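Right, one structure below, let's go through it.
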Amino acid sequence: MKQLIAFTKKESLEIVRNSKLLIIGIVFIIVGIMNPAIAMLTPKLMELMSEQLEGAGIVLDEVTVNALTSWQQYFKNLPMAVLVFLLMFSGILVGELQKGTLINMLTKGLNRSKVVISKFIILTIVWSLCLSVCFGITYGYNSYFWDNSIAKHLGFTFICTYIGGIWLISLIFVVSMFIKSSTGVASVMAVIFLGKDLIQMIPGISKYLPTFIFECGKLVDGAGKTSDYNRVIIEILILTVVNIIAAIYIFNRKNI
């Protein structure tokens, strides 16, 4: 336990010192502000477009903006922030192996399982803070300018995206067991995350995959039911545990 606490403290200080926490925090803050900002600017943009399109005989209807418009932007913009998060932290394990700093600590008796667990804890904390800040900013602005009650299942969608992010974090460690470079891990994670958009085009398949959890944004519009996501929530929780156990098992037997 002492090793776990000490190494977790070391990891938290490292993320602060290398400014990764500051950078990813700024990204999620910007995304949180963008959602209501884009919603508020939409009528003005449509007004400018309508003036240009009138000459072509195209008439645009008046756009109604409310909290739902902002939440729709939230679920459109959030994947961009998630992708930045994955790219920034994909090398959290293999990066140290490449530099040799982790090898020195392992040779001095640091338990390998503690390395995986502590790094997972740190990324989970960072993810929790970032997502909460982004969601909270959007919720606060929407409450101030409009009424959040028009959007449905906000709490449930937050939980879905949260555990979806935890699953992706656990996947970083599994991928890190087979790829030796930070760039390689980042590339694989980007393919996995972005690939969900292609899979969604195949009818009847996407709902059986873990990435289906990121489609929960449809619920705020009243499309679908929360029960549609019960299966994938259980699936993701199981996969997260399996991923961490598998990563620890492989790492303990891995030649470094």
Side-chain angles (χ1 to χ4, degrees), residues 8 11-12 15-16 18-39 67-92 117-144 148 151-173 186 189-190 192-194 196-197 209-221 226 229-230 232-237 239-241 243-244:
T8 302
E11 285 296 305
S12 60
I15 289 178
V16 173
N18 60 23
S19 300
K20 285 188 176 182
L21 180 61
L22 175 63
I23 294 171
I24 196 63
I26 292 173
V27 170
F28 275 82
I29 288 173
I30 291 174
V31 171
I33 296 173
M34 277 175 57
N35 306 316
I38 292 175
L68 186 58
T69 310
S70 178
W71 284 115
Q72 289 169 342
Q73 287 297 325
Y74 172 84
F75 288 102
K76 289 180 182 178
N77 297 329
L78 184 61
M80 175 179 62
V82 175
L83 182 59
V84 173
F85 181 93
L86 293 176
L87 295 177
M88 184 172 294
F89 293 106
S90 288
I92 190 169
I117 294 172
S118 64
K119 288 180 179 292
F120 176 74
I121 290 173
I122 288 299
L123 287 190
T124 299
I125 292 174
V126 174
W127 168 246
S128 303
L129 291 173
C130 289
L131 186 65
S132 298
V133 167
C134 184
F135 184 91
I137 290 174
T138 300
Y139 189 94
Y141 273 106
N142 290 351
S143 296
Y144 182 80
N148 277 311
K152 301 179 180 179
H153 309 298
L154 288 178
F156 184 81
T157 56
F158 175 83
I159 293 174
C160 285
T161 51
Y162 177 74
I163 65 173
I166 299 297
W167 167 67
L168 288 173
I169 290 172
S170 70
L171 203 57
I172 288 176
F173 295 96
M189 293 305 301
I192 292 173
F193 185 68
L194 296 177
K196 66 183 176 56
D197 296 325
L209 299 176
T211 51
F212 180 68
I213 198 75
F214 295 103
E215 297 183 33
C216 64
K218 299 175 182 178
L219 291 172
V220 298
D221 300 331
T226 56
Y229 296 85
N230 290 342
V232 73
I233 289 175
I234 296 174
E235 178 183 340
I236 281 182
L237 292 176
L239 284 175
T240 300
V241 175
N243 286 343
I244 295 301

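Everything quoted here is computed from the prediction, not taken from an experiment.
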Are the side chains of [Y] and [X] in contact, using a 4.5 Å heavy-atom criterion?
{"X": "F158", "Y": "S132", "answer": "yes"}
{"X": "Y74", "Y": "V31", "answer": "no"}
{"X": "F28", "Y": "W127", "answer": "yes"}
{"X": "L239", "Y": "S170", "answer": "no"}
{"X": "M189", "Y": "L87", "answer": "no"}

Distance (rounded to the nearest 0.5 Å) between [X] [atom1] and [Y] [atom2]:
{"X": "L68", "Y": "D221", "atom1": "CG", "atom2": "CG", "answer": "5.0 Å"}
{"X": "I192", "Y": "L86", "atom1": "CD1", "atom2": "CG", "answer": "9.0 Å"}
{"X": "F173", "Y": "L171", "atom1": "CZ", "atom2": "CG", "answer": "11.0 Å"}
{"X": "I159", "Y": "L131", "atom1": "CD1", "atom2": "CG", "answer": "11.0 Å"}
{"X": "I163", "Y": "I169", "atom1": "CD1", "atom2": "CD1", "answer": "12.5 Å"}
{"X": "I125", "Y": "C130", "atom1": "CD1", "atom2": "SG", "answer": "12.0 Å"}

Query raised in the report: Looking at G164 and I213, what are the two nearest heavy atoms and their distance?
Result: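 For G164 versus I213, the nearest heavy atoms are CA-CG2, 3.8 Å.
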Query - Closest heavy-atom pair and its distance - S70, T138 - result: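 Answer, listing the atom of S70 first, then T138: OG-CG2, 3.8 Å.
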Query raised in the report: Do any pairs count as a salt bridge (charged side-chain N to carboxylate O under 4.0 Å, His left out) and have a residue in residues 25-39, sequence neighbours left out, and if so which ones?
Result: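 For residues 25-39, and leaving out neighbouring residues, there are no salt bridge (charged side-chain N to carboxylate O under 4.0 Å, His left out) pairs at all.
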With sequence neighbours excluded, residues passing side chain to side chain contact (heavy atoms under 4.5 Å, CB included) with [X]:
{"X": "I122", "answer": "T8, E11, S12, I15, V126"}
{"X": "V84", "answer": "I24, V27, M88"}
{"X": "E215", "answer": "Q200, S206, F212, K218, Y229"}

Could you pull out all residues at least two apart from [X] that satisfy ring-ring contact (aromatic ring centres under 6.0 Å, His included)?
{"X": "F156", "answer": "none"}
{"X": "F89", "answer": "F85"}
{"X": "F193", "answer": "F214"}
{"X": "Y141", "answer": "none"}

Requested in this report: Assess whether side chain to side chain contact (heavy atoms under 4.5 Å, CB included) is satisfied between F120 and I166, documenting all intermediate values.
Outcome: CA-CA 9 Å; F120 176 74; I166 299 297; 3.9 Å; yes
**Report entry** Polar side chain donor-acceptor pair, W71 to N148, under 3.5 angstrom
**Finding:**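 A pair is found: one side chain offers a donor N or O, the other an acceptor, under 3.5 Å apart.
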Query raised in the report: Are C134 and I29 close enough, and set up right, to give a side chain to side chain contact (heavy atoms under 4.5 Å, CB included), and what steps lead you there?
Result: CA-CA 5 Å; C134 184; I29 288 173; over 6 Å; no
Report task. Can you run down the side-chain hydrogen bond (donor to acceptor under 3.5 Å, both in side chains) pairs that involve residues 76-88, sequence neighbours left out, and say none if there aren't any? Result ->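 side-chain hydrogen bond (donor to acceptor under 3.5 Å, both in side chains) check on residues 76-88 returns N35-N77.
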Report task. With sequence neighbours excluded, give me every side-chain hydrogen bond (donor to acceptor under 3.5 Å, both in side chains) pair touching residues 155-168. Result ->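 Residue pairs with at least one partner in residues 155-168: S128-Y162.
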**Report entry** salt bridge (Lys or Arg N to Asp or Glu O under 4.0 Å) partners for K152, two or more places apart
**Finding:**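 Here no residue qualifies.
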Query raised in the report: Just wondering, are more than 12 heavy atoms of other shown residues or ligands nearer than 6.0 Å to OH in Y139?
Result: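 It does not: Y139 OH has 12 such atoms or fewer within range.
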Report task. Return the set of residues passing side chain to side chain donor-acceptor pair (under 3.5 Å) with T124 (not counting sequence neighbours), or none when no residue passes. Result ->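 Expected list: none.
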